[in-house]
Amino acid sequence: MGIFMADTKILVDGLCFAEGPRWRDGKLYFSDMHADSVYTLDSSGKLNTIVKLDNDQPSGLGWLPDGRLLIVSMTERKVLAYDGSVLTELADLSSLASYHCNDMVSDAVGRSYVGNFGFNLHEGSTFKKAEMIMVKSDGRCRVVAEELAFPNGTVITPDGSTMVVAETMAARLTAFDIEPDGGLTRRRVWAKLDDAIPDGICLDSAGGIWVASPSSNEVLRVEEGGKVTDRIGVDNSAFACMLGGENGTTLHILTSRTSD
């Protein structure tokens, strides 16, 4: 199946580097990593600043059951909590993460799972595999998976039983069972990708995963086992994606000419 150009429209442009999209309360939440800001965007294209960080490069987003917004501070290797007025530190991951933290997914009971680079990608350091870190709502954290090749975009199935993470440097989606204590077991390949590099991902109602692939300027829909059912080409590199809108069927694609 070839790449096709869907009927798309630009909702907002001029961003530095948009990452970590999440859909909540009728709006798209996302981080602008190099602008140190978290925004919301509605279907009309209205952009609203939620919070600005102090040179922390926000990345993954999530929520605690009490409604506080969680933000990954990439370079500080922390998870921050924002209650609408005050930004506080929930967890310091610097002793657990091999390098800068990136994407995150939060579950319904307040556990969040954070990936990291594993090595200094932008300065050409030697590749090193990384960890997945679980952060509880009280800030306690521990490593729950190791030897991941740049764990990046992550989803949890609606029943809370399975996590799938994009291993960017291995061109695959990897699944785990989620244990009652939040641990990850039964690691397996969910889908191996050809000619695509998985970055941000999102899950649709039929169980398919939409995968942003910056190297091929596209978003592709993949089923378990690796069958690609759809491809949407975009003008720039696609770094992340999120379903939302009415009935959760609008695909939002975050693009940039470069990750720098």
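Predicted model only: the values in this text are computed from it and were never measured. Heavy-atom basis, side chains included; hydrogens, waters and symmetry copies ignored.
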Report task. Report the distance from atom OG of S106 to atom CG of L61, rounding to the nearest 0.5 Å. Result -> 9.0 Å
Query raised in the report: Are the side chain of T255 and the backbone of S237 linked by a donor-acceptor contact shorter than 3.5 Å?
Result: no
Requested in this report: Taking the side chain as every heavy atom from C-beta outward, state whether N48 and L41 have any pair of such atoms under 4.5 Å apart.
Outcome: no
Query raised in the report: So do the side chains of T154 and I201 get within less than 4.5 Å of each other, counting heavy atoms only?
Result: no
Query raised in the report: What about V189 and V222, same hydrophobic cluster or not, with Ile/Leu/Val/Met/Phe/Trp/Tyr joined at side-chain heavy-atom distances under 4.5 Å?
Result: no
Requested in this report: May I ask whether F176 and M134 are part of the same hydrophobic cluster, defined by side-chain heavy atoms of I, L, V, M, F, W, Y residues being less than 4.5 angstrom apart, directly or through others?
Outcome: yes
Report task. Before accepting this row, confirm whether a basic side-chain N of the pair K136/D138 lies closer than 4.0 Å to the acidic partner's carboxylate O. Result -> no
Query raised in the report: Could you go step by step and tell me if V135 and L93 meet the side-chain contact (heavy atoms from CB on, under 4.5 Å) rule?
Result: CA-CA 9 Å; V135 180; L93 312 184; 3.7 Å; yes
Requested in this report: Given side-chain contact (heavy atoms from CB on, under 4.5 Å), test R111 with S137 step by step and report yes or no.
Outcome: CA-CA 6 Å; R111 297 178 301 219; S137 58; over 6 Å; no
Query - Min side-chain heavy-atom separation I178-I156 under 4.5 Å - result: yes
Query raised in the report: Would you call V105 and S112 a side-chain contact if the rule is heavy atoms closer than 4.5 Å?
Result: no
Requested in this report: Taking the side chain as every heavy atom from C-beta outward, state whether V219 and V211 have any atom pair closer than 4.5 Å.
Outcome: no
**Report entry** Nearest non-hydrogen partners of V12 and L15, listed with the distance
**Finding:** CG1-CD1, 3.9 Å
Requested in this report: May I ask you to test the L64-L70 pair for a side-chain heavy-atom distance under 4.5 Å?
Outcome: yes
Requested in this report: Give a yes or no answer on whether the side chain of N102 reaches the backbone of N152 with a donor-acceptor pair at less than 3.5 Å.
Outcome: no
**Report entry** D66 with R68: basic N within carboxylate O range, under 4.0 Å
**Finding:** yes
Query - Exceeds 12 heavy-atom contacts within 6.0 angstrom, atom NZ of K46 - result: no
Query raised in the report: After noting the C-alpha distance and the side-chain angles of T185 and E179, does the key distance pass the side chain to side chain donor-acceptor pair (under 3.5 Å) rule?
Result: CA-CA 7 Å; T185 59; E179 297 300 316; 2.5 Å; yes
Query - F117 and F150 aromatic centres sub-6.0 Å - result: yes
Query raised in the report: Distance-only, no hydrogens or angles: does the S31 side chain make a donor-acceptor pair with backbone N or O of M33 under 3.5 Å?
Result: no
Requested in this report: Show your reasoning for whether salt bridge (Lys or Arg N to Asp or Glu O under 4.0 Å) applies to D181 and R142.
Outcome: CA-CA 11 Å; D181 67 352; R142 64 183 174 96; 3.5 Å; yes
Query raised in the report: Between L69 and F30, is there a shared hydrophobic cluster once you connect ILVMFWY residues whose side-chain heavy atoms come closer than 4.5 Å?
Result: no
Query raised in the report: For E131 and R77, what are the C-alpha separation, side-chain angles and deciding distance, and is it a salt bridge (Lys or Arg N to Asp or Glu O under 4.0 Å)?
Result: CA-CA 13 Å; E131 310 78 21; R77 306 183 202 180; over 6 Å; no
Report task. Working to the nearest 0.5 Å, report the span between OG of S213 and CZ of F239. Result -> 10.0 Å
Report task. For the residue pair H34 and F17, categorise the inter-ring angle as parallel (less than 30°), tilted (30 to 60°) or perpendicular (more than 60°). Result -> tilted
Query raised in the report: Measuring from H100:NE2 to S94:OG, what's the distance to the nearest 0.5 Å?
Result: 12.0 Å
Query raised in the report: Any side-chain heavy atom of D204 within less than 4.5 Å of one from W210?
Result: yes
Query raised in the report: In Å and rounded to the nearest 0.5 Å, what is the CD1 to CE distance from I197 to M169?
Result: 8.0 Å
Query raised in the report: Looking at V72, D92, L90, D56, which hits side chain to side chain contact (heavy atoms under 4.5 Å, CB included) with K78?
Result: D92
Report summary line: On a heavy-atom basis, the closest approach of A212 and A240 is CB-N, 3.4 Å
Query raised in the report: Which heavy-atom pair separates Q57 from T75 by the least distance, and what is that distance?
Result: OE1-CG2, 3.7 Å
**Report entry** Matching residue for V38 among L87, L80, V51, D32 - test: side chain to side chain contact (heavy atoms under 4.5 Å, CB included)
**Finding:** V51
**Report entry** Distance in Å, I209 CD1 paired with T229 OG1, rounded so as to fall on 0.5 Å steps
**Finding:** 11.5 Å
Query raised in the report: How about Y29 and W63: are their ring centroids closer than 6.0 Å?
Result: yes
Requested in this report: Say whether L251 and L254 are linked into one hydrophobic cluster, either directly or through other cluster members, by side-chain heavy-atom distances under 4.5 angstrom.
Outcome: no
Query - For the student: nearest non-hydrogen atoms of N236 and S256, plus distance - result: CB-O, 3.5 Å
Requested in this report: Look at atom CG of D195 and say whether more than 12 heavy atoms of other residues, nucleotides or ligands are closer to it than 6.0 Å.
Outcome: no
Requested in this report: Please check if the side chain of R188 supplies one atom and the backbone of R186 the other of a donor-acceptor pair under 3.5 Å.
Outcome: yes
Query raised in the report: So, K52 side chain and A35 main chain: donor-acceptor pair closer than 3.5 Å or not?
Result: yes
Report task. Indicate, with yes or no, if I50 and W23 share a hydrophobic cluster defined by side-chain heavy-atom contacts under 4.5 Å among Ile, Leu, Val, Met, Phe, Trp and Tyr. Result -> no
Requested in this report: Examine R172 relative to W190 and say whether NZ or CZ is less than 6.0 Å from the centre of the six-membered ring and inside a 45° cone about the ring axis.
Outcome: no
Requested in this report: Please step through side-chain contact (heavy atoms from CB on, under 4.5 Å) for the pair M132 and V114, ending with a clear verdict.
Outcome: CA-CA 6 Å; M132 180 70 71; V114 184; 5.5 Å; no
Query raised in the report: Do any N or O atoms from the side chain of N116 and from the backbone of G118 form a donor-acceptor pair under 3.5 angstrom?
Result: yes
Query raised in the report: Counting N and O atoms only, with roles assigned by atom type, does the side chain of N217 sit under 3.5 Å from a partner on the main chain of D235, one being a donor and the other an acceptor?
Result: yes
Query raised in the report: Do E218 and I232 have side-chain heavy atoms sitting under 4.5 Å apart?
Result: no
Report task. List the steps, then state whether side-chain contact (heavy atoms from CB on, under 4.5 Å) holds for V155 with V165. Result -> CA-CA 7 Å; V155 296; V165 57; over 6 Å; no
Report task. Kindly compute the distance separating CG (D103) from OG (S59), expressed to the nearest 0.5 Å. Result -> 5.5 Å
Query - Chi angles and distances behind the side chain to side chain donor-acceptor pair (under 3.5 Å) call for T174, E167 - result: CA-CA 7 Å; T174 298; E167 289 192 76; 2.5 Å; yes
**Report entry** Nearest non-hydrogen partners of P151 and A130, listed with the distance
**Finding:** CD-CB, 3.7 Å
Query raised in the report: Taking all atoms of both residues into account, what is the closest heavy-atom pair of G139 and A91, and its distance?
Result: O-CB, 3.5 Å
**Report entry** Step-by-step side chain to side chain donor-acceptor pair (under 3.5 Å) determination, T40 to D42
**Finding:** CA-CA 7 Å; T40 60; D42 65 20; over 6 Å; no
Query - Sidechain-backbone polar pair: Y113 side chain, G182 backbone, donor-acceptor under 3.5 Å - result: yes
Query raised in the report: Is atom NZ of K227 surrounded by more than 12 heavy atoms (other residues, nucleotides or ligands) closer than 6.0 Å?
Result: no
